[in-house]
Amino acid sequence: MWKYYAQLAWHNLTRTPVLSLLMILAIATGIGASLTTLTLYSVVASNPLAHKNETLFAVQLDSWDPKEEFWGPTGVPLALTFRDARAIYQADVADETLMMSRVGLTVRDANGNALPRVEATRMTSGNFFQFFDVPFVYGNAWDKSADQVGAQQVVISETLNWHFFQGRNSVGDNLRLEGELYTVVGVVADDWSLAPSVYDLSMNAFKKPERIYIPFLNFDRRPFPSWADHNGWKHEDIRSHEDFLASEQVWVQMWVLLKNPQKYAEFSQFLRNYISDQKQIGRFERPLKFRLNTPEEWLSVNGVVTNDTRVLVGLSGAFLLVCLVNAVVLLLAKFMRNMAETGLRRALGASRSAIFSQHLTEAAAIGLIGAFLGLAFSWVGLWGVRALYGDFDEVAVFRMATVLGAALLAVVSCLITGLLPAWQVTKAQASRHLKNSL
Amino acid sequence: MLKMQAIKKIYRTDMIETHALRDFDLDVKQGEFVAVTGPSGSGKSTFLSIAGLLESFEGGKYWLDGQDVSELSDRTRSRLRNEKIGFIFQGFNLIGDLNLYDNVDVPLRYRGLNGRERKKRIEHALERVGLAARRHHLPGQLSGGQQQRVAIARALAGDPVFLLADEPTGNLDSLMARQVMEMLEEINRQGMTIVMVTHDPDLARRAHRNIQIVDGQVTNFQIYDPRTPHALEPATVL
């Protein structure tokens, strides 16, 4: 019988094309809008480092103004001073320690023939690639000894490797950064990115990964044009690079690997001791406070999911509901207008369940067509988001979750849209409608 | 064939109760052609709905083709309706955007017959009413009389045990009405039981029996000789 119901559904859809189109558009618009926002939300609210929640921690120290608390949600600066970061790194108490910041460097080939280009660069520790699951195409990260001396070694992206080395294995070749020669030790895959970029949520949580990585302690040798978020709480007379490194400005991000609770406790105690020591030399005048944030907490602390996002998701849900209610009303009107035929079918032998199934099939057909059209609308919506906001390239894309979401929404929408009208039709007394004209 | 005993049907609203049928008795034998008459609001339509298993009733018993159908599930009633009853309506009740073939196909679909069997029955039924050549026409392309013949074909296609006709000539001019009536009489002569509701005393007189309903009760029945339908006066008054 389902084949017959499907034939009837198609027949009824084409019998009133304008009404059918209105219902399909109502469902499609609602699903398209809610799917677009849900897709964005699902990425924004996701934690791509959930599997490292037990072992990876972003470090915060309260070295801020003794008179006024830091303005952020935890009251603790989101970055460290260079001197604190280097001291903690060199103490080597955690299982592994990573410090990093973002700079912008001019890059050109070793011979200086090609035109230079300015590239966002991450100055970091070699364990960055392991911490954040960055896959290598060629070579590897630099080793710890290169970290400690700020060696002139570089890891580049696949794209840059194509640009400078035509895609071949460039490990051992040189690149000129800010006029200095750096040796390529690794090439990372282009398809790596974390959305949100948990490792660095300052300024934009959905920025594309940098194409160049160099050891952080190159800062010890010379200044680099910083592209990081800098914050300070007092006037400091900074006249040299050394003054800058010794200042109270916070701009260095730090992550530590603590493999077990004992290590966590040991590192926490070390930070307490460190802050106490610093207090003795007149720093850290605020009450002793530090935070070790899991990736999940770090996303929350940095407010990646804003209230605006949540409101938007709520509004899109409400919009979907309004669209569905409209579709339900239209469908109910359509079914009721067709009651004479329904009464006739009852007289000719259709049971209530047959009538219910027939109408539910029609509602499901409308819901499914609406869902597919909604998926197309959502695709256009996400394309629009990408076109308007370049940084959302990694966010506004269809994923398996999106398609599954569409399927789920379609099923729920069909049920909501179809059940009530189908039930109403089934309940109606067939004999009362037999005298109506068909 | 169709036996009702002390049937009671009440329609209730918030304000009033309407007794549509009360102590309604009727016994229609196999092969009879019974006309049911009565003024508007007398309960004819209610009788038709109950006889056609479209409505339930509060009290009494109803046997259809020997089976007690008083308390059956909707699914069973629908199956019985499909297998045993053929409906013919005053307004023909053909689905306007289905061709004749598909209109006749409707009850057979709910019977669950395979395509070949349905085709055989549809073609036979349309041939029986002389419209086989027009199977791909839409109802709107036919005259009223032809549409009613399609409705008769639809009723016959399911091979029912009796036909329920509700004012089958009510929407037709006299010539077409006569043709349809002759067709019903012919079908009856072939052994089909027919119960026909009508306002028209001339048509009622052409049936074997005339049952009159007033205020939800059978008040009168007349027996006619079907070969000379106008010859006899009422025989019994209840």
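Basis for what follows: all heavy atoms, side chains included, without hydrogens, waters or symmetry-related copies. If you're wondering where the values come from, they're calculated on a predicted model, not measured in any experiment. So you know, we letter chains A, B, ... as the sequences are listed, proteins then strands, and number each from 1.
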Which distance, rounded to the nearest 0.5 Å, do you find between the [atom1] of [X] and the [atom2] of [Y]?
X      : Y      : atom1 : atom2 : value
B:Y110 : A:M1   : OH    : CE    : 5.5 Å
A:L344 : B:F92  : CG    : CZ    : 13.5 Å
B:N93  : A:E341 : CG    : CD    : 10.5 Å
A:L348 : B:S78  : CG    : OG    : 11.0 Å

(request) Against chain A, work out which of B:T46, B:L54, B:D97, B:L53 has the most heavy-atom pairs shorter than 4.5 Å and name it. (result) B:D97
(request) Name the option with the most non-hydrogen atom pairs under 4.5 Å to chain A; the candidates are B:G91, B:P107, B:G52. (result) B:P107
(message) Looking at every non-hydrogen atom in both residues, tell me the closest pair between B:F87 and A:A347 and how far apart they are.
(response) CE1-O, 3.1 Å
Take atom [atom1] in [X]; do more than 12 heavy atoms of anything else shown fall under 6.0 Å from it?
X      : atom1 : answer
B:D68  : CG    : yes
B:E71  : CD    : no
A:F372 : CZ    : no
B:R75  : CZ    : no
B:H19  : NE2   : yes
A:R337 : CZ    : no

(request) Report yes or no: does B:D74 contribute a side-chain atom to a donor-acceptor pair with the main-chain N or O of A:S351 at less than 3.5 Å? (result) no
(request) Output yes when a side-chain donor or acceptor of B:R81 lies under 3.5 Å from a complementary backbone atom of A:R346, and no otherwise. (result) yes
(request) Report the C-alpha distance between B:R109 and A:Q7 in whole Å, list the side-chain angles of each, state the deciding distance to 0.1 Å, and finish with yes or no for side-chain contact (heavy atoms from CB on, under 4.5 Å). (result) CA-CA 12 Å; B:R109 288 282 190 167; A:Q7 287 170 355; 3.5 Å; yes
